[in-house]
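Below you'll find the structure, written out as structure tokens, and then a few comments.
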Amino acid sequence: MNNTGKKRLSFLDRYLTIWIFLAMAAGIGLGFVFPGFIDVMNSLQVGTTSIPLAIGLILMMYPPLAKVHYEKMGHVFKDIKVLVLSLVQNWIIGPILMFVLAIVFLPDKPEYMVGLILIGLARCIAMVIVWNDLAKGDREYAAGLVAFNSVFQMLFYSVYAYVFVTIIPEWLGLEGAVVHITMLEVSKSVFIYLGIPFLGGMVTRFLLVKAKDRQWYEKVLISKISSITLISLLQRRWNET
């Protein structure tokens with residue numbers, strides 16, 4: 001088979017799974033050897049936002065978002081079929097599926113049940129953009145759909161949490177929980193983890209393409225900053241463990 005013209009994944013990309021497991025192992029090992037380090041990391045917070053985790057996520061998302069052709073994103077929001085499909089998958093199928101899994105497998109562990117339900121309600125913002133970039137998918141569609149669903153997350157996450165965590169479990173005779181998540185808290189998290197890298201990527205593209213040229217931007221600058229994504233992904237996994 002002729003593979004002429006096909007690009008191979010870089011060394012970092014090709015063995016990404018291995019690097020992730022190594023980063024997780026390093027995080028667990030560091031916490032085991034130096035237990036006080038966990039308290040230090042937990043202290044680096046502003047409200048409910050972990051500063052090291054926020055920095056890692058922002059740096060992880062910035063390079064893929066700097067590659068987006070923002071001037072071409074208008075066609076994404078004209079594709080009604082794709083938008084409706086995205087909403088159905090993310091705000092009907094996803095939450096209901098995770099809710100069913102939670103009540104079927106964790107009815108006797110309400111704290112884990114609630115955690116699984118909340119995870120099912122939260123749309124994965126960062127990794128969608130990262131995996132799409134690694135797969136060489138349509139960056140404009142990925143960025144547009146992530147932004148589209150983030151608006152719904154800001155508006156409806158607290159409502160969904162109240163319905164799926166407090167109301168429906170009680171209807172089914174299970175132990176419900178009261179989860180206090182305001183629209184403001186969700187909006188703040190979305191702005192930090194999505195808004196900042198979005199603005200950074202957009203401003204970088206418009207300013208540097210105008211100051212230099214498109215070829216320099218896409219061939220020189222993008223190639224230099226692309227590795228930041230994977231390095232930041234490993235740092236995030238290390239922090240989470």
Side-chain angles (χ1 to χ4, degrees), residues 16-17 20-21 24 48-50 53 57 60-61 64 76-77 79-195 197-198 233 236-237 239-241:
L16 177 59
T17 303
I20 289 175
F21 277 113
M24 293 170 64
T48 58
T49 302
S50 168
L53 186 59
L57 278 169
M60 182 175 72
M61 293 178 64
V76 177
F77 299 103
D79 195 335
I80 303 300
K81 184 183 295 185
V82 169
L83 296 180
V84 171
L85 178 61
S86 179
L87 289 181
V88 170
Q89 289 178 327
N90 285 292
W91 295 101
I92 298 178
I93 297 176
I96 292 176
L97 174 62
M98 295 299 279
F99 177 80
V100 171
L101 291 175
I103 64 173
V104 168
F105 293 103
L106 300 169
D108 57 336
K109 295 181 174 61
E111 65 279 10
Y112 291 113
M113 182 184 74
V114 169
L116 185 58
I117 293 172
L118 291 176
I119 290 175
L121 300 180
R123 306 281 51 84
C124 182
I125 292 173
M127 294 314 301
V128 169
I129 293 176
V130 173
W131 295 130
N132 178 77
D133 190 59
L134 289 174
K136 307 301 180 185
D138 190 305
R139 298 188 181 104
E140 288 69 49
Y141 262 96
L145 291 176
V146 164
F148 182 62
N149 281 284
S150 296
V151 172
F152 275 77
Q153 186 155 305
M154 288 187 287
L155 294 176
F156 297 114
Y157 186 83
S158 56
V159 176
Y160 267 58
Y162 177 70
V163 171
F164 280 94
V165 174
T166 304
I167 301 298
I168 299 181
E170 293 182 354
W171 288 352
L172 300 175
L174 299 172
E175 182 179 343
V178 178
V179 180
H180 297 287
I181 304 175
T182 66
M183 189 182 298
L184 179 61
E185 290 173 326
V186 178
S187 299
K188 182 176 69 174
S189 296
V190 171
F191 174 75
I192 292 173
Y193 298 125
L194 178 63
F198 238 121
L233 171 60
R236 177 195 174 192
R237 294 304 182 200
N239 280 335
E240 290 176 338
T241 52

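The line from CD1 of Ile92 to CG of Leu97 is 13.5 Å long, rounded to the nearest 0.5 Å. One distance of note links CG of Leu101 with CD1 of Ile117; it measures 10.5 Å at 0.5 Å rounding. To the nearest 0.5 Å, the span separating CD1 on Ile93 from CG on Leu87 amounts to 11.5 Å. For the atom pair Met60 CE and Tyr193 OH, the distance stands at 11.0 Å (nearest 0.5 Å). Note that CG of Leu155 and OG of Ser150 are 11.0 Å apart. Values are rounded to the nearest 0.5 Å. We find the OH-CD1 distance between Tyr162 and Ile167 to be 3.5 Å, quoted to the nearest 0.5 Å.
Here the shortest heavy-atom pairing between Ile119 and Met98 reads CG2-CE, 4.5 Å. Of all non-hydrogen atoms in Met154 and Val186, the two that sit nearest each other are CA-CG1, 3.8 Å. In terms of heavy atoms, Arg139 sits closest to Asp133 at NE-OD1, 3.0 Å.
Looking at residues two or more places apart in sequence or on another chain, you find a side-chain hydrogen bond (donor to acceptor under 3.5 Å, both in side chains) between Tyr141 and Asp79.
The side-chain heavy atoms of Pro64 and Asn132, taken from C-beta on, include no pair separated by under 4.5 Å.
The 12-atom threshold is exceeded at CZ of Phe148, counting heavy atoms of other residues, nucleotides or ligands nearer than 6.0 Å.
With Trp91 as reference, Tyr160 is the one residue of Tyr160, Phe164, Tyr157 to meet the ring-ring contact (aromatic ring centres under 6.0 Å, His included) rule. The one candidate from Ile168, Asp108, Leu106, Ile103 that meets the side chain to side chain contact (heavy atoms under 4.5 Å, CB included) condition with Leu174 is Ile103.
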